[in-house]
Peer 1: 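Handing you this structure, nothing more for now.
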Protein chains: 2
Amino acid sequence: MAVRLKDVADRAGVSVSAVSNILSGYSKSRIKPETQERVRQVALEMGYRPSAVARALVRRQTDTLGVVLPPTSQAPLRDPFFSAVLEGVLQAATTRGRDTMVFTAHPTSSTQERLGKLCDGRCDGLIVLYQPSENDILTELLNLSVPFVLTSDWREDPRLFCVDVEHHESMRAMTEYLIGLGHRRLALLSSNIGYYVGPRIAGYQEALTRQGIPADPRFLISDLIPWDPSTVLRAVAALMMLPIDQRPTALLCTNDSLAAIVISALSRVGLRVPEDISVTGFNDDSSAVRQHPSLTTIAQPYETIGGCAIDLVQTQLDDPATPPQRLRLPTKLVIRESTAPAK
Amino acid sequence: MAVRLKDVADRAGVSVSAVSNILSGYSKSRIKPETQERVRQVALEMGYRPSAVARALVRRQTDTLGVVLPPTSQAPLRDPFFSAVLEGVLQAATTRGRDTMVFTAHPTSSTQERLGKLCDGRCDGLIVLYQPSENDILTELLNLSVPFVLTSDWREDPRLFCVDVEHHESMRAMTEYLIGLGHRRLALLSSNIGYYVGPRIAGYQEALTRQGIPADPRFLISDLIPWDPSTVLRAVAALMMLPIDQRPTALLCTNDSLAAIVISALSRVGLRVPEDISVTGFNDDSSAVRQHPSLTTIAQPYETIGGCAIDLVQTQLDDPATPPQRLRLPTKLVIRESTAPAK
DNA sequence: TTGTAGGCGTTATCAT
DNA sequence: ATGATAACGCCTACAA
């Protein structure tokens, strides 16, 4: 069917190993240049393409990485955050000449079913784009010999390789930016799930403390259900019912999607952003620029995250005894239209 | 390193072929049930996992599909439309027990470089998520023996397998819906690129004709540059400068991203959606629900598109002589907040 | 400088 | 009912 090494060898009148050597580019000096040229020519003419599968079998490595999307969500890529992370990993993989398999799972599928695909030799290593719970693939993965790295995670487990951003510092920087704009009543709106909400809230609180602004407990709302806009609407409405001199002038949200809902809720109660109130997000996913007003937010270095994760997989491949590493990358404060000086 | 078939066979005291047969589940009746049970047990204990690579080599098939993202865009997944299509393909592939490789490319990479990855046997077939231009991989792909299917495409080329939606009919339905709401002055805003703009515009025009509404040339704006909001802002401002009794009461956009920019532009000139003016999108990507007001739009059946594409690949695999098929799937009009009856 | 041959882990075709 | 063995296409010692 397809052109094989042997076909090229026969046609060029040399042995398979010669062709293999030449085409692998490994042994430049070993084979006579004119032979090399001829063989290359023949290979090209015949449209020869080495079989990745056969090569993988003998090399015991596929140059392919697996990217694991969260099994919890029906449609992870509908969340612009996961799209952004995936995009970053894909870009980084392409740059490094690696292929990428993307794994999703139906919420109904068992751990074993999922694992089957993840470690049957198709991938050299895995990049897990979420925080697996204990009863998820995590423990099994640790027992297997597949190197893997978690992104967007910061577990205490010392056996794990992770790449994450500085949630605490980022939120502190954002809060300080708002304080610098003259805001003194700042509320934090957070979803009720996500490993990152803890550090982000702490960052917010630290900034307040540092600037000597007393923390108003009414301004810390951390039980929002992200996929239920009505809870957000209620919370925002409650805040805005406060007397005008007690009402927050800035709302910090723990992610961009939430910020979008918040802005929408504000407009429903007749407030304009940023004229009446400032709003900020976190992540700088694709929705941040597109929404109106465009969002002041914290940009995650998605491609760097992907690159680090891939490199950490490679590190484990090169030396399986490497002790786990935890990387924490800096972010960037991106100022757009949703924030303005306090009046 | 890893547990092989032979290891299991040795431990269980049977031959490799027996184990293979048992574990493949192919021959239930051929091997003594008690042996089967024992072998299964041993395999489980040893944590045996068949090597996908070895299996692929002998079967000449990997059960893996390649999904090709557009090479033109720096970050295709930042576009919620591509995220949605990819999501649909991934879901459909998971349902069918297939793995998925996702290919991106740096805009600088050559066609040959890209092709190398696409047809080295790693994938059984390809799903191309964009409309490749002539000098892109298309012609090469046709010469190779890799089955492939284009989504979101509707070329005249009779050699191609495509899955697409009914652009014309969808836009006509949307236009008629607005007319049904009492709108009589409807403007169409379209980006200046995309194979789909032609049919979408035609659908709009047909609806007007059918309803006996004369087409006002000022209301057909098809030269917008999607990534440059300022052109959109200008166009919207120009429309809104018209005397109030000549000004459109509804704006149809050819995709959701554009609609988002349009809504933002409207708000800048002080108009509210949908109270003052109705706006519609197309695609129902993730931005449609999240934005405020949420968007009345045309929903593409992403998972069905993915499923059909995969099935068409399989069809070609089963019978390489199958004549090319072109599928055109229906869409759904999703009514949300951005439209209201004309006053 | 080039060729030969063994093996990668599995499946499938035969024998037994 | 089971087992030996030849592919699958490639890489790589080692031999020539």
Side-chain angles (χ1 to χ4, degrees), chain A residues 1-40 42-43 46-64 116 119-124 145-146, chain B residues 1-40 42-43 46-64 116 119-124 145-146:
Chain A
M1 194 89 67
V3 183
R4 296 160 310 163
L5 204 50
K6 184 169 188 315
D7 302 324
V8 179
D10 288 350
R11 181 88 87 91
V14 294
S15 73
V16 277
S17 59
V19 182
S20 174
N21 277 324
I22 294 168
L23 264 40
S24 311
Y26 252 147
S27 52
K28 292 174 188 169
S29 55
R30 297 183 44 157
I31 284 168
K32 207 188 300 178
E34 64 178 53
T35 313
Q36 291 201 22
E37 191 45 48
R38 185 161 45 92
V39 168
R40 265 185 241 283
V42 171
M46 301 180 73
Y48 170 70
R49 299 190 183 278
S51 152
V53 174
R55 176 177 287 178
L57 184 60
V58 58
R59 286 210 198 148
R60 284 117 166 272
Q61 125 173 12
T62 59
D63 292 334
T64 298
C119 48
D120 58 4
R122 243 182 280 259
C123 301
D124 295 337
S145 50
V146 192
Chain B
M1 193 86 67
V3 183
R4 296 159 310 162
L5 204 49
K6 185 171 187 315
D7 302 324
V8 179
D10 289 351
R11 182 87 87 90
V14 293
S15 73
V16 274
S17 50
V19 182
S20 174
N21 274 326
I22 294 168
L23 265 39
S24 311
Y26 251 148
S27 51
K28 291 174 188 169
S29 55
R30 295 185 43 160
I31 283 167
K32 207 187 299 177
E34 66 177 52
T35 314
Q36 290 201 23
E37 193 44 49
R38 184 162 44 91
V39 168
R40 266 184 242 282
V42 171
M46 301 181 74
Y48 169 71
R49 297 187 183 282
S51 153
V53 175
R55 178 176 285 178
L57 183 61
V58 58
R59 284 211 201 148
R60 286 123 164 277
Q61 129 171 12
T62 58
D63 292 334
T64 299
C119 48
D120 58 5
R122 241 181 283 255
C123 301
D124 294 339
S145 51
V146 192

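Computed over heavy atoms, backbone and side chain alike; hydrogens, waters and symmetry mates excluded. Protein chains get the first letters and strands the later ones, always in sequence-line order, with residue 1 at the start of each.
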Peer 1: According to a strict under-4.0 Å criterion, is B:S15 in side-chain N/O contact with OP1 or OP2 of D:dT2?
Peer 2: no

Peer 1: For B:S24 and B:S20, indicate whether the former's side chain and the latter's backbone hold a donor-acceptor pair under 3.5 Å.
Peer 2: yes

Peer 1: Once you apply a heavy-atom cut-off of 4.0 Å, does A:V53 come out as touching a base, just sugar-phosphate, or nothing?
Peer 2: nothing

Peer 1: Can you tell me if A:S51 touches the phosphate of D:dC10, counting only side-chain N or O atoms and a distance under 4.0 Å to OP1 or OP2?
Peer 2: no

Peer 1: Calculate the interatomic distance between B:N21 atom CG and D:dG3 atom P; express it in whole Å.
Peer 2: 11 Å

Peer 1: Any side-chain N or O of A:R60 less than 4.0 Å from the OP1 or OP2 oxygen of C:dC8?
Peer 2: no

Peer 1: Using a 4.0 Å heavy-atom cut-off across all strands, classify A:L5 as base, sugar-phosphate, or nothing.
Peer 2: sugar-phosphate

Peer 1: D:dC11, D:dA7, D:dG3: which one has an atom nearest the side-chain heavy atoms of A:S20?
Peer 2: D:dC11

Peer 1: Taking all non-hydrogen atoms of both residues, which atom of A:I22 and which atom of A:Q36 are closest, and how far apart?
Peer 2: CD1-CA, 3.8 Å

Peer 1: Look at the side chain of B:K32 and decide which nucleotide, out of D:dC10, D:dA1, C:dT11, has an atom nearest to it.
Peer 2: D:dA1

Peer 1: Kindly indicate, with the supporting measurements, whether the criterion side chain to side chain contact (heavy atoms under 4.5 Å, CB included) is fulfilled by A:L5 and A:Y48.
Peer 2: CA-CA 8 Å; A:L5 204 50; A:Y48 170 70; 3.3 Å; yes

Peer 1: Is any side-chain nitrogen or oxygen of A:T35 closer than 4.0 Å to OP1 or OP2 of C:dT2?
Peer 2: yes

Peer 1: Kindly point out which of D:dG9, C:dT10, C:dT11 is positioned nearest to the side chain of B:R59?
Peer 2: C:dT11

Peer 1: Roughly what angle, to 10°, lies between the helix axis at the start of the helix from C:dT1-D:dA16 to C:dT16-D:dA1 and the one at its end, five pairs per end?
Peer 2: 50°

Peer 1: Find which nucleotide of DNA chain D each of B:L57 and B:G13 is nearest to by heavy atoms, and output the residue with the more 5' nucleotide.
Peer 2: B:G13

Peer 1: To the nearest Å, give me how far apart CZ (B:R55) and C1' (D:dG9) are.
Peer 2: 18 Å

Peer 1: Looking at A:V42 and A:A12, what are the two nearest heavy atoms and their distance?
Peer 2: CG2-CB, 4.0 Å

Peer 1: Show, in sequence, the C-alpha distance, side-chain angles and deciding distance for A:V14 and A:R38, and conclude whether the side chain to side chain contact (heavy atoms under 4.5 Å, CB included) test is met.
Peer 2: CA-CA 10 Å; A:V14 294; A:R38 185 161 45 92; 4.3 Å; yes

Peer 1: Is the shortest side-chain N to carboxylate O distance from B:K6 to B:D10 below 4.0 Å?
Peer 2: yes

